[in-house]
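Encoded as structure tokens, the structure appears first; notes follow it.
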Amino acid sequence: MAYESKSSFGLKKKLLISMMVAGTLPLILGMILSYVQGNKSLRHVIGSNFATLARETANKIDFAIDREITKNRQTTLDPNLIQWVEKQNASLDATPAELEAGFINASPESRERTIQSVIENNGTEALLGFLTEADYANESTRALFVRSAKGVLIASINDYPPFIGNSDAIREKVLTRGVYLSNLY
């Protein structure tokens with residue numbers, strides 16, 4: 001009898017295990033299918049939302065860049081600034097190398113006066129006027145300056161750029177296109 005109870009318990013155990021497996025297998029398969037389908041749906045929804053967000057962000061960036069380019073074009077077409085630059089271009093007879101050598105060999109006081117004359121002139125007043133207008137005001141503007149066709153600094157809102165810019169490539173762009181807006185540094 002002890003043997004029979006042992007074997008009957010084995011049968012009960014086997015029946016319980018088979019019933020548990022038969023009951024949990026559909027649950028596990030259902031959970032896996034739900035996860036796969038839900039994951040696929042979420043990827044589709046998130047992907048389409050991300051694409052919409054990316055398009056909207058790109059449109060806003062394009063609008064902001066177009067606005068900045070338009071403001072820069074209006075700045076470069078200002079008649080007062082154009083007259084100031086033309087006047088300065090006509091008054092500089094020396095080559096850029098001669099101007100740079102003269103500036104480097106000048107006394108520190110003379111160099112300081114030259115830089116101050118660049119910061120305090122009609123061209124600089126025009127540049128500052130652009131920064132104070134509501135459409136042009138930009139708190140992040142750290143440097144705004146104008147160079148002559150020979151690369152000499154003729155107007156600046158601060159003392160940031162060097163007095164002489166020796167980039168012949170930039171001068172070529174200025175002379176061929178008339179107006180050149182440099183890259184941001």
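Counting from 1, the numbers follow the sequence of the chain as shown.
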Hydrophobic cluster partners of Leu25 (side-chain heavy atoms under 4.5 Å):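 For the cluster that includes Leu25, the remaining residues are Leu29.
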ILVMFWY cluster membership beyond Ile17 - transitive side-chain contacts under 4.5 angstrom: Val21
Spatial distance of atom CG (Leu53) from atom CD1 (Ile46) [nearest 0.5 Å]: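 With rounding to 0.5 Å, CG (Leu53) is 12.5 Å from CD1 (Ile46).
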Approximate separation, where rounding is to 0.5 Å, of Leu16 CG and Met19 CE: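 The distance works out to 6.5 Å.
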For Gln116, side chain to side chain donor-acceptor pair (under 3.5 Å) partners two or more places apart: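 Gln116 satisfies side chain to side chain donor-acceptor pair (under 3.5 Å) with Glu120 only.
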Residues forming a side-chain contact (heavy atoms from CB on, under 4.5 Å) with Ile61, sequence neighbours excluded: Thr57, Ile65
By side-chain contact (heavy atoms from CB on, under 4.5 Å) - contacts of Ser107 (at least two apart): Glu109, Ser110
May I have the list of side-chain donor-acceptor pairs in residues 30-44 shorter than 3.5 Å, sequence neighbours left out?
unit_1: Ser34; atom_1: OG; unit_2: Gly30; atom_2: O; d: 2.9
unit_1: Ser41; atom_1: OG; unit_2: Gln37; atom_2: O; d: 3.1

